[in-house]
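Inspection log for the structure reproduced underneath, given as structure tokens.
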Amino acid sequence: MPALPGPHPVHRLPRKHPHRRLSPRELRDLQLRLRTAQQTPEWKTRYAARSGVEGTINEFAHGHGMRRRYRGRRKVHIQHVLTAIAVNIERLRSLPPTEEAPTARRPTAFQNYLDQREITRPKSWRTPGI
């Protein structure tokens, strides 16, 4: 029986990121350093933005099946856009209705021009009752 060849030369090269375990002291020092950094206002400001995004990502992933993906960049993009629209509709639906009527918008320059020259114009959504 012939001898099996040795490992391929590539497998003998050192790893780029060797698996390294931290000693208990190194782990404790790292945790202390990170916990003190978390008390700074700069870290809290950065984390506030991230926590809002994380909640939205969690809602997408767990509430709307975003873990199941289509193949291909176009299909995935369409899925993300349509899911975002659905989430926004759900969020709008859960808002309480407004009690006060919307205020009328200011007339446009063209509407002012027509009004100054007393030219009648049809009723518009911008100016109710005219």
Spacing of CD belonging to E54 relative to OG1 belonging to T56, to within rounding of 0.5 Å:
9.5 Å
Return yes if some donor-acceptor pair links the side-chain N/O of T40 with the main-chain N/O of A37 below 3.5 Å, else return no.
yes
Can you tell me how far CZ of R93 sits from CG of N88, rounded to the nearest 0.5 angstrom?
13.0 Å
Are side-chain heavy atoms of K44 and Q38 found at a separation under 4.5 Å?
no
CZ/R73 to CD1/I78 distance, rounded to the nearest 0.5 angstrom?
13.5 Å
Counting C-beta onward and ignoring hydrogens, is there a side-chain heavy-atom pair between V87 and R91 closer than 4.5 Å?
yes
Where do A48 and S51 come nearest, in terms of heavy atoms and distance?
O-OG, 2.9 Å
Decide whether L27 and L34 are clustered together by the hydrophobic rule: side chain heavy atoms of Ile, Leu, Val, Met, Phe, Trp, Tyr closer than 4.5 Å, transitively.
yes
Quick one: does any side-chain atom of Q31 pair with a main-chain N or O of R28 as donor and acceptor, under 3.5 Å?
no
Are any side-chain N or O atoms of Q111 and backbone N or O atoms of T108, one a donor and one an acceptor, separated by less than 3.5 Å?
yes
To the nearest 0.5 Å, atom CD of E118 lies from atom CD of Q116 at 10.5 Å
In the structure I gave you, are the side-chain heavy atoms of T45 and E42 within less than 4.5 Å of one another anywhere?
no
V76/H80 under side chain to side chain contact (heavy atoms under 4.5 Å, CB included): CA gap, chis, key distance, verdict:
CA-CA 6 Å; V76 170; H80 288 179; 3.6 Å; yes
Working to the nearest 0.5 angstrom, can you tell me the gap between I119 CD1 and F110 CZ?
7.5 Å
